[in-house]
**Student:** 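Quick one: the structure is below, and I'll ask about it shortly.
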Amino acid sequence: MSNLKNKIVLPTGHRGDSAVMNGIAGHDQAEEADSKQDGSADAEDANEQEVIVIQDTGFTVKIQAPGTEPFDLQVSPQEMVQEIHQVLMDREDTCHRTCFSLQLDGNVLDNFAELKSIEGLQEGSLLKVVEEPYTVREARIHVRHIRDLLKSLDPSDAYNGVDCNSLSFLSVFTDGDLGDTGKRKKKGNELEQIDCTPPEHILPGSKEHPLVPLQPQNKDWKPMQCLKVLTMSGWNPPPGNRKMHGDLMYLYIVTVEDRHVSITASTRGFYLNQSTTYTFNPKPANPSFLSHSLVELLSQISAAFKKNFTALQKKRVQRHPFERIATPFQVYSWTAPQSDHAMDCVRAEDAYTSRLGYEEHIPGQTRDWNEELQTTRELSRKNLPERLLRERAIFKVHSDFAAAATRGAMAVIDGNVMAINPGEETRMQMFIWNNIFFSLGFDVRDHYRELGGDAAAHAAPTNDLNGVRAYSAVDVEGLYTLGTVVVDYRGYRVTAQSIIPGILEREQEQSVIYGSIDFGKTVVSHPKYLELLEKTSRPLKVQHHAVLNEKDTAVELCSSVECKGIIGNDGRHYILDLLRTFPPDLNFLPVEGEELAPESQKLGFPRQHRHRLACLRQELIEAFVEHRYLLFMKMAALQLMQQKANKDKTAALHDTSTADAESESKPQALEASEKVPDGMPTSPTSSESTLTPDDSEATINLDFLWNIFTDPKSREVVLNACKAVGSISNTSFDIRFNPDIFSPGVHFPDDSTDDIQKQKQLLKDTAAFLVSCQIPSFVKDCLDHSSLPMDGATMTEALHQRGINVRYLGTVLEFVDNMPAKAQIEHIYRIGISELITRCAKHIFKTYLQGVELSALSAAVSHFLNCLLSSFPDAVAHLPADELVSRRKSRKRRNRVPGGGDNTTWASLTPSELWKNINSEHFISLVCPRTNGVCSYRSRFLSLRCFILIKEYNFDSRHKPAFTEEDILNIFPVVKHVNPKASDAFHFFQSGQAKVQQGFLKEGCELINEALNLFNNVYGAMHVEICACLRLLARLNYIMGDHPEALSNQQKAVLMSERVLGIEHPNTIQEYMHLALYCFANGHLSTALKLLYRARYLMLVVCGEDHPEMALLDSNIGLVLHGVMEYDLSLRFLENALAINSKYHGPRSLKVALSHHLVARVYESKAEFRSALQHEKEGYTIYKNQVGEAHEKTKESSEYLKYLTQQAVALQRTMNEIYKNGSNASIMPLKFTAPSMASVLEQLNIINGIIFIPLSQKDLENLKAEVQRRQLMQNSGKIEEQQAGQLELDDKLPVDD
């Protein structure tokens, strides 16, 4: 705390950035909360002890490689020898070596041994790099590695979305300012050297929206050619006699000097041979230049190679590691520049050999995905190191499986995989590739006929995946789910699953020992499955229930009937077909004879949906149960109080007075519950959406819980409360859902009629809760700006967090449209409309693409985009040219009817027809404008997964279409999969947040650093959760005064956000803004401005200028420009921020007052005191009305007004003097001072939500004493630690009260 210099820091709480951590934890959090209730102080201490155990201190070893000086390398005892190999293959001076061993005192080290297990390895040990003989495998690895080094600065793989490469542009804007040394090329305080002028299209009010700046050209990416051609020779493989001479393979190379050479890879290394293109002569050339490394050989025969390769490696190692490391899952861009297609032997080999997802170190073997996925789950998890090892293994196998499944699904749709049932029609075919089973999302054999046919078959895989996620998160020992990935590609939905051992050898009827294979007609059960599923029923809120089979016999189940249990040949208990894990959504499931709650009916529910598989989200189930729990506690408390009051009435008079006093002292919140009926409340209260069970226990539980369980009369109270809230137990609160209610074909025993009625009522209540509580709560959060979606994806995420399915988007928009304060959430309406149109277009695009043959794909996609986005009224499709077809056949082809065998029906689509279909797709009548601007098009491209050429498109031209087929570069898949979590790391992260909240910044920082280590341990270096961790660390570093460290951590956060989320993801924009603040604090003014301009451009691309977050960004830009004395530019941004704040927060908001003050400061610097006074008066009036005259802010504003008035008077006097006396006037010097950097930084801190409150020494001592007192109470168990309200450090509201 000494760094704070007697200041305590209060980060204020406005942003819903728990979304960042909560969002990525998704729906798994609830299970984690249930399964990890051991987050007590003891468990936390134990965890900290474990961390200390696994964090052994590192040590330094010396490495001696051939031809280089020995160098020191810091290593950790946990590292494997293989990791030192990786370091050497990445270092500039040893990167060209791949085939070597490490030796200690002449003993070869095992690659897979941990360093701590190696005898004699200690501080200062010398490890020698010893060249080893090549094998064919090692030679291939070497060539691949050299190719990777040659391509290390080439962005083509990142543009094309290959091998987990992705784009990052931060270095373009920092221009070397944020290197490891932190040295700057220009000093930040030399203002005249800073070019502050933003590009024209970034200025407020600009009508230009160019696309090209989205991907600026990085000067490092300019091709630095080392070789013209490096490829496998046509003479491969070596004939038998040459193999016996040690030949492994042959390479063909063309140097930059145009020298054509043939190279032999032999066991001893690489040398020139005498072969030419047409003559095979494997004898060594003279001289042969035998070298163990291909780079050494090429350096001897080509001076240009030597020079360029050295320069290339220098640039490569200068790049930040986060720009180079592969991401765990592939991230795709939607634009790319035109690039030349270069010759690449490795790419060609990968495309035309059956590289099935195994790495180079196990060639010829396909991976048994199922065995890997299940074995990693079976790993021990008794202590922290074991759990880390297990979670790392699970995460690695899942990311590999997702990549292999995506590649396989694309191969299936492209027609590169043969079906296992080739005789059946295409839509019924199934495939096996690389030990993964693939099926298409069509209704084969009328399986889903009663549920909506193909629409239901399309929805089922995602429902199933949600079920797999839920069961994986509960993680019950002995219960196994299949590896599942759902891929949407070229209009088809492909489900990829790992294969249960033995499943292909028997009929499904024989395999299934639990559940039903025909939607409930025949049902079987199994005691082991009931035992395993019983363990999942509480966290997943699934009720144990009985259904009737075809013989009218009751069968016990603890899941939906569709859930099938199969014991594999490996003896494991698998569950699959989890599409009905969560209960049905009655708002979209009309059932004859059933009436919904009035809240639902009022909004026009139930509505007919395209299928009958509409389920409630897990987040909604959690929120509903939480809400009912609060209701239960309130009711029990109320009845207990009434009982006590009645009892006291019969007692003596003096007792009555004490009873009155006691009832008055009870929490007022309980009074509200008197008005709550047994069913659902009609309007949400703040407590319904914000309190967690932990909160409610803390507020209500302690008062009366003891009474409930000790007083026999109180049991009746519990019984009544249980009945009122729909608990399945009469003695305790326990709400669970029967997922088979309203399932067609499922019948229940007669003796469970009452229970079924209760369950039906519970489902109706849940459906009503969604529309009457969750939707209004979402809109309220948007209205008070605690939720700030910027685009369709972030809006979808915000809806999902509250358990609202996107099918309710129309209902949400109707709710927004009918609000009196609609103007203040206009951005939500606009984003919602755009998302609605985009999703409708996506549904149409899906079926449209299915009718297109591969040769016409780019023409079909460009035609669809023209119909959707272009203003050209007569978009005509360009059918592919028939130059490859004979004239006779061509004539025949033209005479065919469209829609015949040629699949050209797509060409008949017109803009008016498409928009008519879009309007008929959604249920509601809203204004659906055809908006223009990059932001509306971006969402369409992202949703349709089209990859277009980056150039300026004219969407407004009515004379020619916007797109040609040459503009369509590719179509990418949409991949949905399970996201395994690092649970221990996440708990450390939460503990760190709690510590910071209590004021222990240093301890919080240490815990979050620990969380970062654990995240790295599980996920590797790149992950969205690590990004959130780094951002919080940077924030803490900044608060604690360590500005350079804040800058370093935030730089990593920006790079990681660009790489794992995308270069224009809303999160990336936030990261850019934070980095700009820390740059400014470190004196990098020019860089801070560049970063803010980049953030503004990205925000224009994502959501346009009219968005509340733009006000914050413009305030930041205006303040920095004010600091560098660019007053006119500064005013443009600050006045725009003022206008946006006035629109979205209302003209009387404290934010608007602050905006007025910032504008007044700039006018003061310009000596335009009249305007300054006008703005400051506005701000003063707002402060006076909102917080009163005695408030500090009002006083500050009043003081500033006096100062401005004095300055204005002084200026006027001076002017009068000049008018009166002309050149003889004696002019008093006026104070025209540029703002100090400290004052600008102070204002930047305020608008970005970082407030430093000066405290006296006495205040500090009192605060410390209070904190210690609370700690003692916690340790003695008198109060429970409340961690529910996490500290939001990412806040952007000024403290104005």
Side-chain angles (χ1 to χ4, degrees), residues 328-329 354-359 362 365-379 390-412 417 419-420 429-441 460-487 489 493-506 508 511-515 529 532 562-579 581 973 975-980:
F329 302 106
S354 54
R355 180 165 168 253
L356 299 176
Y358 47 78
E359 282 75 20
I362 43 170
Q365 298 174 24
T366 55
R367 289 169 72 169
D368 185 342
W369 291 110
N370 190 69
E371 186 58 28
E372 286 191 41
L373 288 161
Q374 313 311 345
T375 308
T376 52
R377 287 213 165 270
E378 288 168 347
L379 291 171
R390 177 177 183 266
E391 286 176 347
R392 179 166 61 203
I394 289 172
F395 183 76
K396 179 76 176 87
V397 173
H398 265 91
S399 54
D400 287 354
F401 178 70
T406 306
R407 199 157 59 238
M410 291 169 74
V412 163
V417 180
I420 55 175
Q429 288 178 346
M430 292 170 284
F431 307 82
I432 290 178
W433 179 89
N434 186 13
N435 279 334
I436 306 174
F437 175 78
F438 297 90
S439 54
L440 301 176
T462 46
N463 282 6
D464 182 34
L465 179 63
N466 287 336
V468 171
R469 279 181 183 142
Y471 279 101
S472 300
V474 175
D475 208 4
V476 168
E477 216 167 307
L479 188 66
Y480 298 88
T481 54
L482 301 184
T484 307
V485 176
V486 178
V487 180
Y489 179 60
R493 173 157 283 180
V494 185
T495 306
Q497 291 172 308
S498 60
I499 301 168
I500 297 174
I503 189 78
L504 301 172
E505 298 154 23
R506 47 193 168 163
Q508 197 177 25
S511 307
V512 174
I513 61 164
Y514 173 89
Y529 272 99
L532 289 168
E562 289 87 356
C563 170
K564 299 169 186 54
I566 296 176
I567 299 180
N569 285 0
D570 53 4
R572 294 187 179 110
H573 291 76
Y574 293 92
I575 49 168
L576 56 155
D577 289 353
L578 307 173
L579 59 150
T581 300
V975 185
K976 301 183 179 92
H977 52 81
V978 176
N979 267 319

**Student:** Looking at R572 and G478, would you say the former's side chain and the latter's main chain have a donor-acceptor pair under 3.5 Å?
**Tutor:**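 A pair under 3.5 Å: no.
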**Student:** Nearest 0.5 Å, what's the CD1-CD1 distance between I499 and I432?
**Tutor:**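 Result: 4.0 Å between the selected atoms.
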**Student:** Working to the nearest 0.5 Å, report the span between CG of N435 and CZ of F401.
**Tutor:** 10.0 Å
**Student:** Are the side chains of V975 and V485 in contact, using a 4.5 Å heavy-atom criterion?
**Tutor:**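 Heavy-atom side-chain distance check passes, below 4.5 Å.
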**Student:** Apply the side chain to side chain contact (heavy atoms under 4.5 Å, CB included) test between P980 and each candidate in E391, R390, R392, H398; give the one that qualifies.
**Tutor:**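 Single pass found, and it is H398.
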**Student:** Report the C-alpha separation of D570 and N370 in whole Å, then their side-chain angles, then the decisive distance to 0.1 Å, and conclude whether the side-chain contact (heavy atoms from CB on, under 4.5 Å) test is met.
**Tutor:** CA-CA 11 Å; D570 53 4; N370 190 69; 4.1 Å; yes
**Student:** Assign the ring pair F329 / F395 to parallel, tilted or perpendicular, where the plane angle (0 to 90°) is split at 30° and 60°.
**Tutor:**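 Rings of F329 and F395: perpendicular, as their planes differ by over 60°.
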**Student:** When you compare the side chain of T484 with that of L578, does any pair of heavy atoms fall below 4.5 Å?
**Tutor:**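 Of all side-chain heavy-atom pairs linking T484 with L578, none is under 4.5 Å.
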**Student:** Would you mind reporting whether V486 and R493 have side-chain heavy atoms less than 4.5 Å apart?
**Tutor:** yes
**Student:** Apply side-chain contact (heavy atoms from CB on, under 4.5 Å) to the pair F438 and V417, showing each step before the final yes or no.
**Tutor:** CA-CA 10 Å; F438 297 90; V417 180; over 6 Å; no
**Student:** Rounded to the nearest 0.5 Å, what separation is found between the CZ atom of F431 and the CG atom of L440?
**Tutor:**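 It comes to 5.5 Å.
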**Student:** For side-chain contact (heavy atoms from CB on, under 4.5 Å), just list the numbers for T406 and Y489, CA-CA rounded to whole Å, side-chain angles, deciding distance to a tenth of an Å, and then say yes or no.
**Tutor:** CA-CA 9 Å; T406 306; Y489 179 60; over 6 Å; no
**Student:** Is it true that a side-chain atom of K396 and a backbone atom of I394 form a donor plus acceptor pair closer than 3.5 Å?
**Tutor:** no
**Student:** Give, for atom OH of Y480 and atom CD1 of I575, the distance between the pair rounded to the nearest 0.5 Å.
**Tutor:** 12.0 Å
**Student:** So which heavy atom on P328 is nearest to which on S399, and how close?
**Tutor:**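 So the minimum-distance heavy-atom pair works out to O-CB, 3.5 Å.
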**Student:** Would you confirm whether Q374, through its side chain, and W369, through its main-chain N or O, come within 3.5 Å as a donor-acceptor pair?
**Tutor:** no
**Student:** What's the spacing between E562 CD and D577 CG if we round to 0.5 Å?
**Tutor:** 8.0 Å
**Student:** Are T581 and N466 packed together at the side-chain level, in the sense that at least one heavy-atom pair is separated by less than 4.5 angstrom?
**Tutor:**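 The answer is no; the side chains never approach within 4.5 Å.
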**Student:** Just how far is it from atom CD1 of I567 to atom CD1 of I503, taken to the nearest 0.5 Å?
**Tutor:** 11.5 Å
**Student:** Decide yes or no for L482 and I500: does some side-chain heavy atom of the first lie under 4.5 Å from some side-chain heavy atom of the second?
**Tutor:** yes
**Student:** One pair to check against side-chain contact (heavy atoms from CB on, under 4.5 Å): D464 and Q497. What are the steps and the verdict?
**Tutor:** CA-CA 11 Å; D464 182 34; Q497 291 172 308; 3.7 Å; yes
**Student:** Quick check: do V487 and V412 have side-chain heavy atoms less than 4.5 Å from each other?
**Tutor:** no
**Student:** Would the distance check show the side chain of R469 and the main-chain N or O of H977 forming a donor-acceptor pair, the cut-off being under 3.5 Å?
**Tutor:** yes
**Student:** Does some side-chain heavy atom of Y574 sit less than 4.5 Å from a side-chain heavy atom of P501?
**Tutor:**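 SC-SC contact between P501 and Y574 confirmed.
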**Student:** Do the non-hydrogen side-chain atoms of R377 and S472 ever get within less than 4.5 Å of each other?
**Tutor:** yes
